[in-house]
Amino acid sequence: MSEQTYSHLIDLNDYPVDWWDKVISLGASIYAHPQRYVQACAGKIMATLFYEPSTRTQMSFQSAMIRLGGSIIGFDNPMSSSVSKGENIKDTTKVVSTYSDILIIRHPMAGTAKAAALTAECPVVNAGDGGHLHPTQTLTDLLTLKMEKGRLDHLTVGLCGDLLYGRTVHSLIKALTCYPDNQFVLISTPELQVPDYIIKLLRDSGCAFRTESSLDEAIGELDVLYMTRIQRERFASQADYLAQKDVYRLTEEKMQRAKPDLAVLHPLPRVDEIEIAVDDDPRALYFRQAQYGMYVRMALILRLLESETPAPLLRGTVNSSLRCVNPKCITAQEHYLPHQFIQAGGRTVCEFCEEQAVPVSLI
Ligand code: NCD
């Protein structure tokens with residue numbers, strides 16, 4: 001196991017806030033002086049293993065490594081790799097990590113990046129694990145807020161759309177609760193509210209938050225509006241998706257009721273939750289946000305390639321009489337993984353996806 005050897009980024013909250021702050025400030029320095037870093041990763045290789053579609057995350061990582069003077073390998077269609085022959089995450093990761101100096105992985109099952117890090121022989125970065133987390137999008141969001149609003153605290157943040165399956169939402173809430181006096185308005189339908197573990201985390205953090213079904217009601221009080229796409233690919237049925245898909249739409253008319261310094265963020269891709277006309281509003285920051293993502297990923301690559309004290313990878317304990325309830329957890333697919341659990345908010349949850357543990361006898 002590689003857990004004490006490499007600095008992985010699986011969940012930002014594995015590191016202290018000052019670690020994130022250093023990555024964000026380095027991202028801002030690279031943004032200001034990119035020419036100073038053109039040889040910083042000369043001779044290094046980054047592998048991108050994308051088992052799910054991506055435009056920004058994959059290409060911004062690739063562009064980041066190339067701009068640092070390094071090279072890239074990888075796949076974005078697992079069916080063109082040995083995955084199509086039935087290879088498991090463990091074996092793919094083990095081998096590709098010996099070809100590369102850093103490995104970036106995206107996968108539809110929650111907890112896959114952590115599973116990959118267990119056997120990797122280089123740092124692993126979670127580029128999105130199912131509906132669970134997306135820490136490098138959060139670094140992107142934090143750099144955007146730092147550059148555009150000048151602070152990461154004392155913000156009223158509205159998150160709107162698919163708060164249940166939106167991994168960018170979960171990672172961003174987890175991060176922003178760690179800065180002082182942020183408050184949250186969770187704007188969604190009852191069906192797409194944040195998962196229970198996020199509600200518990202918000203309660204434990206002491207941050208003010210409320211759920212809200214109307215974007216119109218909330219928009220006037222927000223400093224930040226984080227719009228999200230309804231995550232069609234994560235719904236159990238097409239009918240469930242269709243019932244949700246057009247509920248929220250940010251329009252020019254709604255923007256008239258927003259603060260003059262509102263920051264509108266979106267991890268992209270947009271479907272139709274933001275009207276195109278809003279793009280011309282100076283408060284619409286999502287395209288700039290996507291660009292900041294490349295600079296913060298350059299900073300992250302540099303930071304993880306420095307050999308520093310790694311964050312511990314596994315914190316919980318194995319309990320073979322428990323199972324994770326989440327059918328979309330990597331432990332449900334890759335049966336060699338340990339059934340490992342942690343305590344969070346007074347509950348026993350899966351170490352890989354943070355969903356509830358239940359006794360095997362109840363399954
Ligand atoms: C997001 C993702 O993949 O979770 N996109 C991204 O990485 N910028 C959001 C989404 O797909 O809706």
Side-chain angles (χ1 to χ4, degrees), residues 11-13 17 20-21 24 131 133-189 192-231 247-250 254-255 257-268 270 273-274 278 281-290 292-293 296:
D11 177 347
L12 271 183
N13 297 65
V17 176
W20 326 342
D21 286 338
I24 295 161
L133 295 174
H134 194 344
T136 70
Q137 181 63 45
T138 298
L139 287 171
T140 300
D141 304 338
L142 296 180
L143 177 61
T144 307
L145 291 174
K146 192 80 184 168
M147 299 290 280
E148 301 288 338
K149 298 228 37 112
R151 66 183 199 278
L152 299 174
D153 48 63
H154 297 85
L155 294 168
T156 300
V157 183
L159 299 110
C160 177
D162 190 342
L163 309 190
L164 177 61
Y165 299 118
R167 55 196 173 193
T168 63
V169 167
H170 309 154
S171 284
L172 184 59
I173 293 175
K174 283 181 81 165
L176 285 177
T177 54
C178 298
Y179 292 92
D181 291 317
N182 287 326
Q183 38 186 302
F184 301 89
V185 186
L186 306 173
I187 308 158
S188 74
T189 60
L192 294 185
Q193 282 177 9
V194 290
D196 286 351
Y197 80 91
I198 294 288
I199 294 283
K200 294 211 161 52
L201 178 130
L202 279 162
R203 286 205 185 108
D204 292 347
S205 74
C207 293
F209 73 97
R210 70 168 212 273
T211 55
E212 169 65 76
S213 58
S214 162
L215 176 56
D216 285 286
E217 283 295 318
I219 196 162
E221 68 192 89
L222 304 177
D223 300 311
V224 180
L225 173 58
Y226 197 87
M227 291 297 295
T228 61
R229 169 181 76 91
I230 305 301
Q231 307 272 304
V247 177
Y248 297 103
R249 188 163 162 83
L250 183 62
K254 286 195 180 75
M255 288 296 283
R257 272 169 284 133
K259 287 185 181 174
D261 62 348
L262 172 73
V264 181
L265 268 53
H266 190 310
L268 303 177
R270 156 179 55 193
E273 58 281 351
I274 301 181
V278 174
D281 189 308
R283 296 169 290 181
L285 302 181
Y286 29 89
F287 293 118
R288 249 180 288 163
Q289 178 188 0
Y292 288 130
V296 92

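This one's a predicted model, so the numbers in the text were calculated from it and none came from an experiment. The analysis underlying the following values was restricted to heavy atoms, covering all of them including side chains, and did not include hydrogens, waters or symmetry mates.
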*asked:* Checking Arg257 against Asp216 for the side-chain contact (heavy atoms from CB on, under 4.5 Å) test, could you report, in this order, the C-alpha distance in whole Å, the side-chain angles of both residues, the deciding distance, and whether it holds?
replied: CA-CA 8 Å; Arg257 272 169 284 133; Asp216 285 286; 2.9 Å; yes
*Does the pair Asp281 and Val264 meet the rule for a side-chain contact (heavy atoms from CB on, under 4.5 Å), with working shown?*
CA-CA 10 Å; Asp281 189 308; Val264 181; over 6 Å; no
*Step-by-step side-chain contact (heavy atoms from CB on, under 4.5 Å) determination, Tyr179 to Asp21*: CA-CA 11 Å; Tyr179 292 92; Asp21 286 338; 2.7 Å; yes
_Before you tell me yes or no, could you show the steps for Val169 and Ile198 under side-chain contact (heavy atoms from CB on, under 4.5 Å), namely the whole-Å CA-CA distance, both residues' side-chain angles and the distance that decides it to 0.1 Å?_
CA-CA 10 Å; Val169 167; Ile198 294 288; over 6 Å; no
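Distance NE2/His154 to CG/Asp181: 4.0 Å, rounded to 0.5 Å. Rounding to the nearest 0.5 Å places CD of Gln137 at 8.0 Å from OG1 of Thr144. Distance check: Leu145 CG to Met147 CE gives 11.5 Å after rounding to the nearest 0.5 Å. Asp162 CG to Arg167 CZ: the interatomic distance, rounded to the nearest 0.5 Å, is 11.5 Å. Here the straight-line distance linking atom CZ of Arg210 with atom CD of Glu217 works out to 8.0 Å at 0.5 Å rounding. Considering CD1 of Ile230 and OG1 of Thr189, their distance stands at 7.0 Å, rounded to 0.5 Å.
Judged purely by atom type and a 3.5 angstrom limit, Ser171 has no side-chain atom pairing as donor or acceptor with the backbone of Leu133. In this structure a side-chain-to-backbone donor-acceptor pair under 3.5 Å is present from Gln289 to His266. When atom types are taken as modelled, the side chain of Arg270 and the backbone of Met227 share no donor-acceptor pair closer than 3.5 angstrom.
Taking 4.5 Å as the limit, some side-chain heavy atom of Ile24 sits within range of a side-chain heavy atom of Leu152. With contacts defined as side-chain heavy-atom distances shorter than 4.5 Å, the pair Leu186/Leu202 qualifies. Taking the side chain as every heavy atom from C-beta outward, Leu163 and Ile173 never approach each other to under 4.5 Å. Counting heavy atoms from C-beta outward, Ile199 and Phe209 have side chains that approach closer than 4.5 Å. At least one side-chain heavy atom of Glu148 sits less than 4.5 Å from a side-chain heavy atom of Tyr292. At least one side-chain heavy atom of Phe184 sits less than 4.5 Å from a side-chain heavy atom of Thr177. Contact annotation: the side chain of His170 approaches that of Pro195 to within less than 4.5 Å [non-hydrogen atoms, C-beta and beyond]. In this structure, the side chains of Ser188 and Leu164 stay at 4.5 Å or more apart for every pair of heavy atoms.
The side chain to side chain contact (heavy atoms under 4.5 Å, CB included) with Val185 is formed by just one residue from the set Thr156, Leu215, Leu159; it is Thr156.
Summarising the geometry of Asp153 relative to Pro180, their closest heavy-atom pair is CB-O, 3.1 Å, with the distance given to 0.1 Å. Tyr248 and Ile187 get closest at one heavy-atom pair: CE2-CG2, 3.8 Å. When all heavy atoms of Thr138 and Ala175 are compared, the closest pair comes out as CG2-CB, 3.6 Å. Nearest heavy atom pair, residue Lys174 against residue Cys178, reads O-SG, 3.5 Å. Of all non-hydrogen atoms in Thr140 and Thr136, the two that sit nearest each other are OG1-O, 2.8 Å. Closest non-hydrogen pair, Leu139 versus Trp20, comes out as CD2-CB, 4.4 Å.
Between Asp223 and Lys149, none of the side-chain N atoms (NZ, or NE/NH1/NH2) sits under 4.0 Å from a carboxylate O, so this pair counts as no salt bridge.
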